[in-house]
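Quick notes on the structure that follows.
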Amino acid sequence: MTDRTCDVIVIGAGTAGLKAYKAATARGADTVIIECGPGGSTCTRVGCMPSKLLIAAARTAHEARGANPFGVKTGAVEIDVPAMWARLRRERDRFVDSVLDDYHAIPASQVVHGTARFDGPDAVRVGETRIVARGGIVIATGARPVVPDSLDPVRDLVHTHETIFELDTLPRRLAVLGAGPLGLELAQAFARLGVAVSVFDPGDTLGGLSDPVANDAAIDAISSEIDLHLGVEAKAERAGNAARLTWDGGEIEVDLILAATGRKPALDTLDLATTGIALDDHGTPLFDEASRRCGDSRIFIAGDANAWRPVLHEAARGGQIAGDVAAGGAPRRTLPSLAIAFTEPNIVQVGTGFTDLPEDARIGCAKVCDNGRATADGHDQGVVRLYGDADGKLMGASIVVPEGEHLGHLVALALDRDMDAATFANQAWYHPTIEELLQSAARDLAGIED
Ligand SMILES: Cc1cc2nc3c(=O)[nH]c(=O)nc-3n(C[C@H](O)[C@H](O)[C@H](O)COP(=O)(O)OP(=O)(O)OC[C@H]3O[C@@H](n4cnc5c(N)ncnc54)[C@H](O)[C@@H]3O)c2cc1C
Ligand SMILES: NC(=O)c1ccc[n+]([C@@H]2O[C@H](COP(=O)([O-])OP(=O)(O)OC[C@H]3O[C@@H](n4cnc5c(N)ncnc54)[C@H](O)[C@@H]3O)[C@@H](O)[C@H]2O)c1
């Protein structure tokens, strides 16, 4: 039995879902949005924003401690731990509230609370209620953290990004499993707040960097602040109130463990088998980037749920596209990929990655230690690696640079404009700026003499 028919159903009211709802509604579609949680979003509650607030506190402490070489005396730097957590949670709650304002502005008649699961390719059930979509169904269910079974013996000492921002104290010793963006950002932040941090990853790269020169630069810079173990499988066991981690060649005891071992699309409750859409080997629907449509179906998938570019601006854009196309709009072009880990130095990857470059690709390089502004600011570690094809057309970059986030945006813009390295080098580059590193790398790539 069908209890309701509408034009578009959106499953999930996070960043992608709210954008999808707005886009479909803007086309005049009767749109129903289904949410199983309290609303708000991963970004504001347990993701981008609390992590950036922790990083902001940590950076402030780090800069105060590092003031002496500039002739600035600060005395001993202490962390007022309750005040630090209080600011983080106060500001975090304001971000959450602003998303909830959008959610609560949706007419009650269009919102269904509960866990959605498919009942065929054009219908969804929430409890006993069945809703049919005439137009399309947008999956925007996000992702959830993965905790490895190897941590079972010490589960009560394990946090994920969903719980770590609820701490009231700081641990003395913290192990972070995973050297992806999540693990690295929080590892460096906790270290700067005075915690002894050890990071373990079975892989050899930081923040997913595949460029060996950029990866070495990141390792050099970041290992000066944290105890870094790459290429290592750590095993956990109980040691009184602590956890003992052992690996080939060493062991340590820690008070807490942060599992930063990736996130998996939240698709398990959806009963996707009833839809007939094609899934990849991980059970994630195959979809078209330009429309977010799954095959020839009227099912769309946006945000972290589709495991493609799991970052905020792609969740927002993907939701917008999916909601719009589900309501009759046209597909859009794909933007260059852009990912930034907010470590110091920032780890930025734009466009084509190192491992996907053609054999005849050219690489331009510029080192932070050769940049005047970086030297003035007290930085000497990091590198820009700018990639171009055999004709010098820009393809991408790996950037390990303090404030490199700004450089990443400029490269993304240049890629979107199909720029070649010589044209990029001949833009206006103010002196002395960190941005001049891009000009140097573009000159190197284009073979332009200084
Ligand atoms: C610690 C951390 C830091 C991050 N930092 C950054 C950063 O600095 N910059 C950046 O760009 N990205 C960052 N990200 C990534 C970014 O947060 C995500 O890409 C983005 O929040 C994903 O949004 P979403 O809409 O896909 O998912 P969500 O916001 O998680 O929304 C999914 C919604 O679906 C609901 N739902 C799930 N299943 C069902 C169901 N069956 N029925 C009904 N409702 C359902 C959930 O309750 C949830 O409300 C970070 C992520 C983490 C974890
Ligand atoms: N600044 C940002 O944009 C930002 C910041 C944080 C998180 N995020 C997003 O959050 C999501 C999760 O980030 P992440 O860093 O956890 O995911 P990730 O998949 O990028 O990295 C996970 C890391 O964990 C390692 N790992 C896997 N199993 C392990 C184990 N048993 N022990 C130790 N290490 C193990 C992997 O080798 C990998 O390096 C990503 O989608 C990311 O885009 C983004």
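Bear in mind that the values here come from a model prediction, so they are computed numbers and not experimental data. Both ligands and their constituent atoms are indexed starting at 1 by order of listing.
- No hydrogens or angles considered: a donor-acceptor pair under 3.5 Å links the side chains of Asp30 and Gln110.
- Remark: distances from the non-hydrogen atoms of Pro145 to ligand 1 are all 4.0 Å or more.
- In this structure, Asp152 places its CG atom where more than 12 heavy-atom neighbours from other residues, nucleotides or ligands lie under 6.0 Å away.
- Those atoms of ligand 1 that come under 4.0 Å of a heavy atom in Ala16, given as number and element, are 25 (O).
- For the atom pair SG of Cys294 and CG of Asn306, the computed distance is 8.5 Å after rounding to the nearest 0.5 Å.
- Under the rule for a side chain to side chain donor-acceptor pair (under 3.5 Å), the partners of Arg94 that lie at least two apart in sequence or sit in another chain are Glu91.
- A donor-acceptor pair under 3.5 Å is absent between the side-chain atoms of Arg192 and the main chain of Arg59, judged by distance alone.
- Remark: minimum distance from atom 10 (C) of ligand 1 to any protein heavy atom is reached at Leu312 N, 3.5 Å.
- Side-chain atoms of Ser398 and Tyr387 form a donor-acceptor pair, as typed in the model, at a separation below 3.5 Å.
- For ligand 1, the atoms sitting less than 4.0 Å from at least one non-hydrogen atom of Ile11 are 40 (C), 42 (N), 43 (C), numbered in the order shown with element in parentheses.
- In the vicinity of Thr115, heavy-atom distances shorter than 4.0 Å reach the ligand 1 atoms 41 (N), 42 (N).
- Looking at atom 19 (O) of ligand 1, its nearest protein heavy atom turns out to be Asp304 OD1, 2.7 Å.
- When each atom of ligand 1 is checked for a heavy atom of Ile34 under 4.0 Å away, the hits are 43 (C), 44 (N).
- Lys52 NZ, 2.7 Å is the protein heavy atom nearest to atom 8 (O) of ligand 1.
- Residues forming a side-chain contact (heavy atoms from CB on, under 4.5 Å) with Val81 (at least two apart in sequence, or on another chain): Ile79, Trp85, Leu170.
- Atom 21 (O) of ligand 1 has its closest protein heavy atom at Cys43 N, 3.5 Å.
- Annotation: ring pair (Phe, Tyr, Trp, His ring centres under 6.0 Å) contacts involving residues 155-175, sequence neighbours excluded, are absent.
- Between Trp247 and His229, the two ring planes are tilted [angle within 30° to 60°].
- For ligand 1, the atoms sitting less than 4.0 Å from at least one non-hydrogen atom of His161 are 1 (C), 53 (C), numbered in the order shown with element in parentheses.
- When the heavy-atom distances from atom 32 (C) of ligand 1 to Ser41, Ala140, Gly39 are ranked, the shortest goes to Ala140.
- Atom 6 (C) of ligand 1 has Cys48 SG, 3.4 Å as its closest protein atom, hydrogens excluded (heavy atom only).
- Residue contacts with ligand 1, taken as heavy atom pairs separated by less than 4.0 Å, do not involve Arg117 at all.
- Counting the atoms of ligand 1 from 1 in the order shown, those under 4.0 Å from a heavy atom of Gly12 are 33 (C), 34 (O), 35 (C), 44 (N).
- For the residues Ala116, Gly319, Pro310, the heavy atom positioned nearest atom 15 (C) of ligand 1 is part of Pro310.
- For the residue pair Ser291 and Asp288, a side-chain donor N or O sits within less than 3.5 Å of a side-chain acceptor on the partner.
- Below 4.0 Å from some heavy atom of Arg263 lie the following atoms of ligand 1, by number and element: 53 (C).
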Point to revise | salt bridge (charged side-chain N to carboxylate O under 4.0 Å, His left out) between Arg238 and Asp156, worked out | key: CA-CA 10 Å; Arg238 193 98 217 173; Asp156 57 318; 2.6 Å; yes

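- Only the side chain of Leu270 comes within 4.0 Å of ligand 1, judged by heavy-atom distances.
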Distances only, to 0.1 Å: what are the N or O pairs between ligand 2 and the protein that fall under 3.5 Å?
residue, atom, partner, partner atom, Å
ligand 2, 1 (N), Glu185, OE2, 2.7
ligand 2, 1 (N), Ile340, O, 2.7
ligand 2, 3 (O), Ile340, O, 3.4
ligand 2, 15 (O), Pro181, N, 3.3
ligand 2, 15 (O), Leu182, N, 3.1
ligand 2, 16 (O), Ala260, O, 3.2
ligand 2, 16 (O), Gly262, N, 3.1
ligand 2, 34 (N), Gly178, N, 3.3
ligand 2, 37 (O), Asp201, OD1, 2.8
ligand 2, 37 (O), Asp201, OD2, 3.4
ligand 2, 39 (O), Asp201, OD2, 2.6
ligand 2, 43 (O), Pro310, O, 3.1

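- Polar contact check, Thr42 against ligand 1: a nitrogen or oxygen pair lies under 3.5 Å apart.
- When heavy-atom distances to ligand 1 are checked against a 4.0 Å cut-off, Thr269 comes that close only through its side chain, counted from C-beta outward.
- Given atom 46 (C) of ligand 1, the protein heavy atom at minimum distance is Glu35 OE2, 3.4 Å.
- In this structure, atom 37 (C) of ligand 1 lies nearest to the protein heavy atom Thr141 O, 3.3 Å.
- Remark: minimum distance from atom 36 (N) of ligand 1 to any protein heavy atom is reached at Cys36 SG, 3.7 Å.
- Heavy-atom proximity to Phe342, at under 4.0 Å, picks out these atoms of ligand 1: 8 (O).
- Of the possible polar contacts, one joining the Asn346 side chain to the Gly404 backbone as a donor-acceptor pair under 3.5 Å is found.
- Within the 4.5 Å cutoff, no side-chain heavy atoms of Thr129 are placed close to those of Arg4.
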